[in-house]
Amino acid sequence: MTEKYIPAEIEPKWQAKWEADGLYHADIDPSRPKYYALTMLPYPSGDLHIGHWYAMTPSDARARYLRMKGYNVMFPIGFDAFGLPAENAAISRNIHPKDWTYANIDRMRGQLRSMGAMWDWRREAASCDPEYYHWTEWYFIQLFKHGLAYRAPGSVDFCPNCNTTLAREQVWGEDRHCERCGTPVIKKDLDQWFFRTTDYAEELRDFTGIDWPDRVVAMQTNWVGRSEGASVVFHTEQGDPMEIFTTRPDTLWGATFMVLAPEHPLVDRVTTAEYRQEVETYKQEAARQDEIQRSATDKEKTGVFTGGFAINPVNQARIPIWIADYVMMGYGTGAIMAVPAHDERDFEFARKYNLEIIPVIQPEGEQFHGDTMTEAYIGPGVMINSAHFDGTEVSDAKGWANPGIKAVNDWLEEKGIGKADVSYKLRDWLISRQRYWGSPIPMVHCEECGWHPVPEDQLPVLLPDDVEWLPTGESPLKLHPTWKNTTCPECGGPAERETDTMDTFMCSSWYHLRYLSPHYDQGLFDPEEYDYWMPVDTYTGGVEHATMHLIYTRFFHKAGRDMGILEGNEPMTQLRNQGQILGPDGQRMSKSRGNVIDPDKQVQQYGADAVRTYLMFGYRWSDGGPWNTENIQGVVRWLHRIWSIFSDEAKKGEPDPAVLKSLRRKVHQTLQQVSKDFETFEFNTIISGLMELLNEMNTVKDAGVAGTPEWAEARDYYLRMLAPVAPHIAEEMWTEKLGKPYSVHTQPWPEVDEGATQVEEITLIVQVNGKLRDRITVPADVSEEVAKQTALASEAAQRFIGDKELRKVVYVPGRLVNIVV
RNA sequence: GCGGGUGUGGCGGAAUUGGUAGACGCGCCAGACUCAAAAUCUGGUGGCCGCAAGGCCGUGGGGGUUCAAGUCCCUCCACCCGCACCA
């Protein structure tokens with residue numbers, strides 16, 4: 001009898017030993033190829049989620065595989081530790097955000113260790129440590145010095161009752177009220193810090209040289225949102241220039257009015273006394289709504305006339321200027337020329353307010369008339385009513401590839417009215433947060449000298465610990481009696497610190513660099529470490545970061561490259577997204593639904609190896625799916641069977657050589673398949689392959705294989721292949737049952753013996769007219785002629801051929817013979 | 001509306017990229033062990049017809065290309081995700 005498989009007895013034991021032995025330390029070693037494997041770092045919310053396991057343990061398995069393949073693999077971990085939940089805890093439970101955060105980190109470290117992952121804990125970094133945010137601040141200063149950080153008004157959600165700014169998640173409901181007091185939220189303009197992400201708009205659309213999922217590429221490309229067209233300068237009647245962007249310069253002659261965003265700076269100047277009252281009312285209403293409400297497509301368009309007029313520079317037409325909230329200040333210039341004949345929105349607006357419609361593009365066989373058009377025409381045609389451009393062809397190509405657009409652009413430039421131009425949806429990154437628990441913005445304001453960075457030798461600007469959480473809702477940094485008082489680095493006079501802190505996405509934009517040398521105090525990272533490890537070879541995490549973190553970190557890197565701090569164009573070479581584990585009911589896990597799967601409990605019940613392998617086996621990793629409390633039994637049984645086969649000795653005897661040969665074939669075929677699947681992140685078939693091999697081993701076990709080299713090889717290779725996915729049981733079997741030298745995790749990955757995977761006899765499918773009719777066994781190196789003859793001779797085939805005429809015999813080597821009659 | 005994706009047994013999912021559809025596992029059925037149950041082990045398990053041999057049907061629907069289609073093309077449907085009055 002053998003002792004039983006009790007994961008709780010072996011898992012903590014090995015975890016402690018691996019840790020004590022520094023088995024997973026990753027150090028620079030120029031003699032080996034490096035591999036930087038990274039999973040997105042967790043936020044220390046307090047408890048590890050099964051989703052963390054799903055993201056991290058397959059990545060760990062792959063990192064372990066690559067290590068056995070001979071790579072020097074770094075697989076680090078840390079915490080994205082600044083952020084709002086800590087402040088909410090502070091307010092609701094009267095605990096300091098720092099204490100809350102560090103307590104959570106402690107707890108989560110323990111939970112993370114139970115995964116048995118190969119993290120090098122020496123490289124752990126937490127973004128709220130002063131030795132970390134020192135360099136977040138330093139990087140801000142570099143961006144500022146290079147003109148990539150600037151201060152400008154930006155709008156925030158503001159609760160007039162609590163007298164505080166609110167984060168997006170603190171604004172609730174359709175009516176957008178304050179989370180705390182229920183008061184409707186208003187928009188407020190504050191001076192805030194921005195990074196010039198738009199400088200990198202074009203480059204952020206370029207994914208050459210990196211292997212990222214199509215989905216993420218599409219989302220980022222869409223987010224950056226390039227449109228080709230022209231910018232054209234109109235003038236108000238008073239002579240103020242009013243620049244607009246249009247994707248359809250070919251329709252300039254059909255512009256019959258202009259629309260400004262309600263917030264546009266020229267609105268006050270163009271509005272006449274007669275219309276002022278109406279315009280003011282409209283502006284105030286628009287300010288109350290946020291962009292999401294304003295941009296509801298199905299909403300009926302509204303707007304008011306300003307009383308002002310503009311001159312269309314192409315034909316000197318005098319056209320009215322309106323304001324309407326369907327024009328956004330945040331895109332283009334916040335002003336548009338309206339061409340109702342050829343734009344659906346402008347058409348709807350013109351019909352509603354009875355504005356003129358002049359068609360300027362006409363397809364063949366049509367006679368458009370402004371009064372009778374029932375909808376805007378957006379297709380191809382020829383230009384009409386457009387002076388000397390009449391007859392110019394306009395295709396349905398977008399942008400500059402369209403001959404009509406190209407022709408007009410050239411002419412605009414020649415006349416000095418406008419120029420070909422590109423517009424992006426991407427906006428600059430607003431990084432100011434009116435919060436306490438974030439990295440301070442190391443800037444000082446002096447009445448005399450303006451804004452200056454804190455001198456670098458005075459970094460980091462530390463967050464004060466002695467803060468109070470007063471119910472004003474104001475940031476404690478602002479309320480702190482002395483913290484903000486400082487001296488001007490320029491003139492030495494009294495000055496004030498910036499009391500806003502940075503968006504936590506700034507901290508997480510560079511954590512992969514801090515892992516290189518988390519305690520380095522001369523810069524972001526130790527250059528030696530950087531040169532060896534960067535870039536990140538594989539980055540894994542959820543797709544929900546596609547348009548936030550994953551854009552910010554690329555921006556951070558590209559800006560760093562241009563400032564001479566970083567090298568290369570991209571921080572992460574390969575990106576892969578895992579899916580999401582849902583509750584057993586197929587819904588997102590949430591405490592209120594009561595469908596949360598607690599990984600600690602699963603580990604207690606089944607062991608870490610079982611949870612790891614179930615997560616790999618039960619789903620396509622990229623898809624995820626509902627947790628299934630029954631399916632996990634499959635891997636639990638499998639692990640028990642592994643325990644048994646390595647515990648019970650096989651029978652000795654004189655086995656059939658064919659049995660040994662086929663065992664060896666199966667071992668090497670499995671090795672081949674498993675290796676490939678690790679490369680391609682197909683974890684589910686890694687496990688199923690290992691299950692198949694175990695089944696095979698179980699069937700030959702009693703055939704007298706004990707003592708044969710084939711059986712020894714099978715057992716040895718099995719554990720090496722198992723080691724990445726189920727590291728604890730593999731180690732236990734390797735050292736305790738096989739008595740091999742510790743550790744299985746430092747063994748090389750076995751080489752496939754191509755010869756062993758070959759077969760002497762193959763089964764060919766015999767088809768008649770594409771339908772499976774028979775199977776024939778032939779030598780693997782069978783000639784085409786013999787294969788065809790054997791197939792034709794098959795009794796089943798003959799029956800279906802009958803006396804029909806043979807038309808063709810298709811032979812696919814190693815696969816089939818298809819007889820067409 | 002635009003962009004991306006998914007659709008295969010009762011369930012999770014395989015399928016060498018155009019070549020045996022349903023690997024592996026869950027569940028279920030039968031058998032062994034047991035006084036019994038659990039656990040474990042052995043066998044079976046897409047649907048329909050048939051005692052059987054065997055046959056027919058089958059990868060969301062319809063059409064097509066091909067000796068051959070889950071895989072390629074056209075078209076329609078359903079669901080999921082992202083963006084959305086972007087000028």
Provide the distance between the two [atom1] atoms, one in [N] and one in [M], to the nearest whole Å.
| N | M | atom1 | value |
| --- | --- | --- | --- |
| B:rG25 | B:rC73 | C1' | 36 Å |
| B:rA87 | B:rU75 | P | 26 Å |
| B:rG61 | B:rG7 | C1' | 12 Å |
| B:rG62 | B:rG10 | C1' | 27 Å |
| B:rU34 | B:rG50 | C1' | 39 Å |
| B:rU71 | B:rG19 | P | 11 Å |
| B:rG70 | B:rG58 | C1' | 11 Å |
| B:rC81 | B:rG31 | P | 47 Å |

Original post:
Is A:H342 reaching over with its side chain to a backbone N or O of A:I361, donor-acceptor style, under 3.5 angstrom?
Top reply: yes
**OP:** Establish, with yes or no, whether the OP1 or OP2 oxygen of B:rG12 is under 4.0 angstrom from a side-chain nitrogen or oxygen of A:Y619.
**Re:**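 For B:rG12, neither OP1 nor OP2 has a side-chain N or O of A:Y619 closer than 4.0 Å.
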Original post:
By side chain to side chain contact (heavy atoms under 4.5 Å, CB included), which residues pair with A:K651, not counting sequence neighbours?
Top reply: A:D702
Original post:
Considering residues at least two apart in sequence or located in another chain, which fulfil the side chain to side chain contact (heavy atoms under 4.5 Å, CB included) criterion with A:Y331?
Top reply: A:S227, A:F245, A:S423, A:K425
How would you label the contact of [X] with the nucleic acid (heavy atoms, under 4.0 Å): base, sugar-phosphate, or nothing?
| X | value |
| --- | --- |
| A:R620 | sugar-phosphate |
| A:G814 | nothing |
| A:F800 | sugar-phosphate |

**OP:** Apply ring-ring contact (aromatic ring centres under 6.0 Å, His included) to A:Y718 and list each qualifying residue two or more places apart in sequence or on a separate chain.
**Re:**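 None.
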Subject >> Residues forming a ring-ring contact (aromatic ring centres under 6.0 Å, His included) with A:F207, sequence neighbours excluded >> reply: none
Polar pairs (N or O, both sides) under 3.5 Å between protein and nucleotides 42-45 of chain B?
none

Original post:
After noting the C-alpha distance and the side-chain angles of A:E228 and A:K398, does the key distance pass the salt bridge (charged side-chain N to carboxylate O under 4.0 Å, His left out) rule?
Top reply: CA-CA 8 Å; A:E228 291 176 358; A:K398 287 199 170 155; over 6 Å; no
Subject >> Least distance between heavy atoms, A:A350 atom then A:P340 atom >> reply: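 Taking A:A350 first and A:P340 second, the nearest heavy atoms are CB-CB, 3.6 Å.
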Subject >> Along RNA chain B (nearest heavy atom to each residue), the more 5'-positioned of A:G332 and A:R807 >> reply: A:R807
**OP:** On RNA chain B, check which nucleotide each of A:K808 and A:R799 is closest to and give me the residue with the more 5' one.
**Re:**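 It is A:R799, whose closest nucleotide lies nearer the 5' terminus.
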Original post:
Does anything in residues 213-233 of chain A reach RNA chain B, meaning a heavy atom under 4.0 Å, and if so which residues?
Top reply: A:R215, A:A218, A:M219, A:N222, A:W223, A:S227
**OP:** Go through residues 577-590 of chain A and report each residue with a non-hydrogen atom lying under 4.0 Å from RNA chain B, sorted by number.
**Re:**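 Residues of residues 577-590 of chain A that come under 4.0 Å of RNA chain B do not exist, since none gets that close.
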Original post:
Once each nucleotide of nucleotides 20-27 of chain B is scored for protein heavy atoms under 4.0 Å, what B/S/- sequence comes out, 5' to 3'?
Top reply: B--BBSSS
Subject >> Pair listing, side-chain hydrogen bond (donor to acceptor under 3.5 Å, both in side chains) test, anchored in residues 625-634 of chain A, at least two apart >> reply: none
Subject >> Side chain proximity check, A:R576 to A:D211, heavy atoms < 4.5 angstrom >> reply: yes
**OP:** Measure from CH2 on A:W621 to P on B:rG13 and round the result to the nearest Å.
**Re:** 16 Å
Subject >> Atom-pair distance (CZ on A:F347; P on B:rA87), nearest Å >> reply: 20 Å
Under 3.5 Å, which donor-acceptor pairs link side chains of residues 778-786 of chain A to any protein atom two or more places apart or in another chain?
unit_1	atom_1	unit_2	atom_2	d
A:S783	OG	A:V786	N	3.2
A:E784	OE2	A:K788	NZ	2.9
A:E785	OE2	A:Q789	NE2	3.3

Subject >> Option from A:V360, A:V339, A:V394 for which side-chain contact (heavy atoms from CB on, under 4.5 Å) with A:R248 holds >> reply: A:V394
**OP:** Report the C-alpha separation of A:R799 and A:E795 in whole Å, then their side-chain angles, then the decisive distance to 0.1 Å, and conclude whether the salt bridge (charged side-chain N to carboxylate O under 4.0 Å, His left out) test is met.
**Re:** CA-CA 6 Å; A:R799 196 149 30 90; A:E795 188 250 336; 3.7 Å; yes
**OP:** Could you check A:E348 against A:K301 for salt bridge (charged side-chain N to carboxylate O under 4.0 Å, His left out), going step by step and ending with a plain yes or no?
**Re:** CA-CA 8 Å; A:E348 186 194 330; A:K301 292 180 186 20; 3.3 Å; yes
**OP:** Going by the side-chain hydrogen bond (donor to acceptor under 3.5 Å, both in side chains) test, name the single residue among A:Y606, A:W53, A:Y619 that passes it with A:Y614.
**Re:**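 When side-chain hydrogen bond (donor to acceptor under 3.5 Å, both in side chains) is applied between A:Y614 and each of A:Y606, A:W53, A:Y619, only A:Y619 qualifies.
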Original post:
Can you give the dot-bracket line for RNA chain B, using ( ) for pairs inside the strand, [ ] for pairs that cross earlier ones, | for pairs with another strand and . for unpaired bases, where Watson-Crick and G-U count if both distances are under 3.5 Å?
Top reply: (((((((..(((......[....)))((((((.......))))))((((....))))..(((((..]....))))))))))))....
Original post:
Which residue pairs satisfy the salt bridge (charged side-chain N to carboxylate O under 4.0 Å, His left out) criterion with at least one member in residues 752-774 of chain A, sequence neighbours excluded?
Top reply: A:K661-A:E760, A:R664-A:D753, A:R665-A:E760
